[in-house]
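For reference, the structure discussed in these notes is given below.
The figures that follow rest on heavy atoms only: side chains count, while hydrogens, waters and symmetry mates do not. Note that the numbering runs from 1 along the sequence shown for the chain.
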Amino acid sequence: DYTDKSGFYVGTWGSTIQWIKDAGASAGAVEIDLYGGYKGTAGDVAYDVGYLRYEYAGNKLGQVAGFGNANTDEVYGALTFGAYTAKYSHAFSNLFGNLNSKGSYYLDLSATYDLGEGYSLVPHVGYQKVKNVDIATYTDYALTLGKDLGNGLSATAALVTTDADKTNYVTPSGKFTGKSSLVVGLKYSF
């Protein structure tokens with residue numbers, strides 16, 4: 001990530017993934033997210049607007065019956081007041097390979113509570129509306145405990161769950177992908 005003092009920022013995030021292969025495609029195991037935007041304040045309210053591209057290098061999801069290309073383009077806007085943040089993301093391409101899903105959206109509500117001594121607690125609820133694919137619509141929940149370890153290093157542990165449809169979010173091998181999980185993370189900022 002790079003953030004300019006003017007408020008403009010650009011960044012990228014990358015990871016290996018399994019969901020495209022789980023959907024029956026032969027390739028697409030790398031996700032690269034490219035984003036940019038502008039952050040600022042208006043009185044006591046902070047705002048963030050930007051663009052996000054989810055790029056799945058070499059993905060073949062469009063070769064699976066009922067799916068298109070997994071690459072997705074979104075615009076987003078967020079408002080933060082005190083500990084509370086609301087963010088809206090709007091897809092102007094098909095969403096993650098779901099055909100005829102342009103106009104899908106994700107609403108994210110969260111709060112960040114400082115617990116003292118470098119600890120924070122972040123409750124979250126999100127709602128993913130997949131346009132024209134009602135069985136792919138879901139709500140997700142998370143509770144994240146964070147610890148600032150100093151010198152730019154921080155750690156997190158998050159409990160994550162969804163109300164995803166157990167008949168729709170299943171891989172061809174029968175694995176339910178919307179199950180509850182514990183996600184741990186380590187981050188270094190410089």
Side-chain angles (χ1 to χ4, degrees), residues 1-20 28-59 70-93 95-96 105-128 139-162 177-190:
D1 294 327
Y2 171 76
T3 302
D4 187 73
K5 62 184 176 181
S6 67
F8 286 99
Y9 63 89
V10 294
T12 186
W13 178 89
S15 179
T16 58
I17 58 161
Q18 188 69 30
W19 71 267
I20 292 176
V30 176
E31 175 179 336
I32 308 249
D33 298 349
L34 305 168
Y35 50 88
Y38 181 80
K39 292 181 181 182
T41 59
D44 292 337
V45 176
Y47 60 88
D48 179 4
V49 293
Y51 162 82
L52 172 58
R53 166 74 174 194
Y54 298 90
E55 180 73 29
Y56 298 97
N59 85 82
N71 298 337
T72 300
D73 295 287
E74 290 182 342
V75 291
Y76 58 85
L79 296 173
T80 300
F81 181 76
Y84 307 98
T85 300
K87 181 177 181 182
Y88 176 81
S89 301
H90 187 87
F92 59 91
S93 67
L95 185 72
F96 305 122
Y105 64 87
Y106 184 73
L107 180 61
D108 175 339
L109 303 172
S110 64
T112 301
Y113 299 111
D114 184 347
L115 302 178
E117 298 188 24
Y119 286 96
S120 62
L121 187 65
V122 180
H124 153 88
V125 62
Y127 177 72
Q128 177 70 71
T139 302
D140 67 275
Y141 309 89
L143 186 60
T144 303
L145 179 64
K147 171 65 171 149
D148 183 345
L149 302 171
N151 298 319
L153 194 61
S154 60
T156 56
L159 294 172
V160 181
T161 192
T162 73
T177 60
K179 68 180 181 175
S180 299
S181 298
L182 173 65
V183 180
V184 295
L186 190 62
K187 179 178 178 181
Y188 178 67
S189 299
F190 55 94

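Qualifying side-chain hydrogen bond (donor to acceptor under 3.5 Å, both in side chains) partners for Tyr188, counting only residues two or more places apart in sequence or in other chains: none. For Thr16, the side chain to side chain contact (heavy atoms under 4.5 Å, CB included) criterion is met by no residue, not counting sequence neighbours. Applying the ring-ring contact (aromatic ring centres under 6.0 Å, His included) rule to Tyr105 yields the partners Tyr88; only residues at least two apart in sequence or on another chain are considered. With sequence neighbours excluded, the residues satisfying ring-ring contact (aromatic ring centres under 6.0 Å, His included) with Tyr54 are Phe96. The side-chain hydrogen bond (donor to acceptor under 3.5 Å, both in side chains) test applied to Thr161 returns Ser180, not counting sequence neighbours. Tyr9 is linked by a side chain to side chain contact (heavy atoms under 4.5 Å, CB included) to Thr3, Tyr35, Lys39, Asp48, Tyr76, counting only residues two or more places apart in sequence or in another chain. Taking the side chain to side chain contact (heavy atoms under 4.5 Å, CB included) definition, one finds that Ala46 meets it with Thr41, Thr80, sequence neighbours left out. Residues passing the side-chain hydrogen bond (donor to acceptor under 3.5 Å, both in side chains) test with Ser93, sequence neighbours excluded: none. Judged as a side chain to side chain contact (heavy atoms under 4.5 Å, CB included), and not counting sequence neighbours, the contacts of Val49 are Tyr38. Residues satisfying the side-chain hydrogen bond (donor to acceptor under 3.5 Å, both in side chains) test with Gln128, not counting sequence neighbours, are none. Residues passing the ring-ring contact (aromatic ring centres under 6.0 Å, His included) test with Tyr84: none are found, sequence neighbours excluded.
In this structure, OG in Ser89 is found 10.0 Å from CG in Leu95, a value given to the nearest 0.5 Å. Note: Leu34 CG to Leu52 CG = 8.0 Å, rounded to the nearest 0.5 Å. In this structure, CD in Glu55 is found 8.0 Å from CD1 in Ile32, a value given to the nearest 0.5 Å. Note that CG of Asp73 and CZ of Phe92 are 4.5 Å apart. Values are rounded to the nearest 0.5 Å. Note: Leu149 CG to Leu186 CG = 7.0 Å, rounded to the nearest 0.5 Å. Atom CD of Glu31 and atom CH2 of Trp19 lie 8.0 Å apart (nearest 0.5 Å).
Residues Gly116 and Asp114 come closest through the heavy atom pair N-OD1, 2.8 Å. The shortest non-hydrogen separation linking His124 to Gly126 is NE2-N, 3.5 Å. The minimum heavy-atom distance linking Ser120 with Leu115 is given by the pair C-CD1, 4.1 Å.
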| task | List the steps, then state whether side chain to side chain contact (heavy atoms under 4.5 Å, CB included) holds for Val30 with Tyr56. | result | CA-CA 6 Å; Val30 176; Tyr56 298 97; over 6 Å; no
| task | Determine, stepwise, if the pair Val160 / Tyr141 fulfils side chain to side chain contact (heavy atoms under 4.5 Å, CB included). | result | CA-CA 6 Å; Val160 181; Tyr141 309 89; over 6 Å; no
| query | Would Asp140 and Tyr106 count as a side chain to side chain contact (heavy atoms under 4.5 Å, CB included) if you check the C-alpha gap in whole Å, the side-chain angles of each, and the deciding distance to 0.1 Å? | reply | CA-CA 10 Å; Asp140 67 275; Tyr106 184 73; 2.7 Å; yes
| task | Check the pair Val125, Thr139 against side chain to side chain contact (heavy atoms under 4.5 Å, CB included), reporting the backbone distance first and the verdict last. | result | CA-CA 7 Å; Val125 62; Thr139 302; 3.8 Å; yes
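At most 12 heavy atoms of other shown residues, nucleotides or ligands fall within 6.0 angstrom of atom CG in Asp44. No more than 12 heavy atoms of other residues, nucleotides or ligands shown are found within 6.0 angstrom of OH on Tyr119.
Within the structure, side-chain hydrogen bond (donor to acceptor under 3.5 Å, both in side chains) contacts touching residues 144-159 (residues at least two apart or in different chains) do not occur.
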